[in-house]
Amino acid sequence: MDKKLLSINSHKKPNHIAIIMDGNGRWAKKKGMQRVFGHRNALKAIRESADTASDLGIEYLTLYAFSTENWNRPKLEVEALMNLLIINLQKELPEFIRKNVKVNAIGNTENLPKRAQKVLNNVIEKTKNNTKITLTFALSYGSREEIVNAIRNISKKVVNNEIEIEKIDNNIINNHLYTFNLPDVDLMIRTSGEQRISNFLLWQMAYAEFYFTDLLWPDFRKEHLYDAILDYQNRERRFGKTSEQIETNE
Ligand code: IPE
Ligand code: IPE
Ligand code: MG
């Protein structure tokens, strides 16, 4: 048995892990290849982190695959990313079904090419009753856009007398985000050495633990996810309380 795996405390597992999969371009460049080569080699890391999270009994894994800002990349790179999305979602569908993975998406997916939307909706539909893990892809996702949308939708309901202003609380806001059916993030991992959030799940990560690694995303493997979880388990999440309160379960 894997030593790292054995040290994971199954009672202190993060329930929701979110990953900013960064560094594909640099990984390819280091090998003297085009950036797209890095994106193509990201698949193994995605598969392995989803399988590992699922084996550990983690219920929610959310992967940042394409941001609202990523639309500003060169046209050819955006096209290549969209094609990879279409091909791989389609290819992985039988595996998602076999492994009991529920696929979900967050973001302004209406901006994706029609073909990508079709494949994505099909995968979501075909896996909607699966129960082992919820695997969410953040696609054309921007946290600020998500919050703006939520405010618009809540405001419309206020104008139509469906919500009273005084009733607006955390719950109502949660219910109007793309992540309405997901719990808060417990552990956020970012690869490639960058230490920033890049417009990812700002609201949902209010109390998340952050873990940064210099590894480039295509090199991310099972043991690296173990490392992140072990690091997480050594932290004390106080949520504003004191250590003493946490220790005595007050
Ligand atoms: C992450 O890798 C994948 C996407 C943002 C789509 P990058 O493409 O950002 O790789 P670097 O950061 O340029 O190395
Ligand atoms: C964040 O990575 C988005 C994804 C991983 C999909 P970027 O590489 O686009 O982030 P910045 O712009 O360097 O912060
Ligand atoms: Mg990057």
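Note that these values count all heavy atoms, side chains included, but never hydrogens, waters or copies made by symmetry. Positions are given from 1 along the sequence. As the structure lists them, so they are numbered: ligands from 1, and atoms in each ligand from 1.
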* To do: With atom 1 (C) of ligand 2 as the reference point, say which of L63, I20, T68 has the nearest heavy atom.
  => I20
* Asked: Short question: side chain of H39, backbone of L81 - any donor-acceptor pair under 3.5 Å?
  -> no
* To do: Please write down residue, atom name and distance for the protein heavy atom closest to atom 6 (C) of ligand 1.
  => A65 O, 3.4 Å
* Could you tell me whether any N, O or S atom belonging to D22 is less than 2.8 Å from the Mg ion (ligand 3)? => yes
* Polar contact flag for S67 and ligand 2 (N/O pairs, less than 3.5 Å) -> no
* **Exceeds 12 heavy-atom contacts within 6.0 angstrom, atom CZ of R237** => yes
* Starting from atom 10 (O) of ligand 1, locate the nearest protein heavy atom and write down its residue, its atom name and how far away it is, to 0.1 Å. => G25 N, 2.9 Å
* Structure fact -> Note: ligand 1 atoms sitting under 4.0 Å from heavy atoms of N24 are 1 (C), 2 (O), 3 (C), 7 (P), 10 (O), 14 (O)
* Asked: CE of M82 to CD1 of I87: how many Å apart, nearest 0.5 Å?
  -> 13.0 Å
* To do: Indicate yes or no: does an N/O atom of R73 lie under 3.5 Å from an N/O atom of ligand 2?
  => yes
* Taking atom types as modelled and ignoring hydrogens, do the side chains of Y60 and D186 form a donor-acceptor contact shorter than 3.5 angstrom? -> no
* Does ligand 1 have any atom that is closer than 4.0 Å to a heavy atom of S192? -> no
* Is the shortest side-chain N to carboxylate O distance from K241 to E250 below 4.0 Å? -> no
* ligand 1-proximal atoms of R35, by part, heavy-atom distance under 4.0 Å -> side chain
* Ion pair D2/K222, N-O distance below 4.0 Å -> no
* Heavy-atom nearest neighbour in the protein, as seen from atom 9 (O) of ligand 2, with distance rounded to 0.1 Å -> N70 ND2, 2.9 Å
* Does an N or O anywhere in W27 fall below 3.5 Å from an N or O of ligand 1? -> no
* Can you list the atoms of ligand 1 that are under 4.0 Å from a heavy atom of H39? -> 3 (C), 8 (O)
* To do: May I ask you to identify the nearest protein heavy atom to atom 5 (C) of ligand 2, giving residue, atom name and distance to one decimal place in Å?
  => M21 O, 3.5 Å
* Asked: For the rings on Y211 and Y232, is their centre-to-centre separation under 6.0 Å?
  -> no
* Ion pair present between R221 and E223, side-chain N to carboxylate O less than 4.0 angstrom? -> no
* Asked: Is it true that atom CD of Q34 has more than 12 heavy atoms of other residues, nucleotides or ligands lying nearer than 6.0 Å?
  -> no
* At a non-hydrogen distance cut-off of under 4.0 Å, which region of F66 contacts ligand 2 (side chain, backbone, both, or neither)? -> backbone
* To do: Just say parallel, tilted or perpendicular for the rings of F239 and Y207, cut-offs at 30° and 60°.
  => tilted
* To do: Starting from atom 8 (O) of ligand 2, find the nearest protein heavy-atom neighbour and note its residue, name and distance.
  => D22 OD1, 3.1 Å
* Asked: Do any non-hydrogen protein atoms sit less than 4.0 Å from atom 12 (O) of ligand 2?
  -> no
* Any heavy atom of R196 sitting closer than 4.0 Å to ligand 2? -> yes
* Structure fact -> Contact region, R190 to ligand 2, non-hydrogen atoms below 4.0 Å, reads side chain
* Structure fact -> Rounded to the nearest 0.5 angstrom, the CG-CD1 distance for L225 and I19 is 6.0 Å
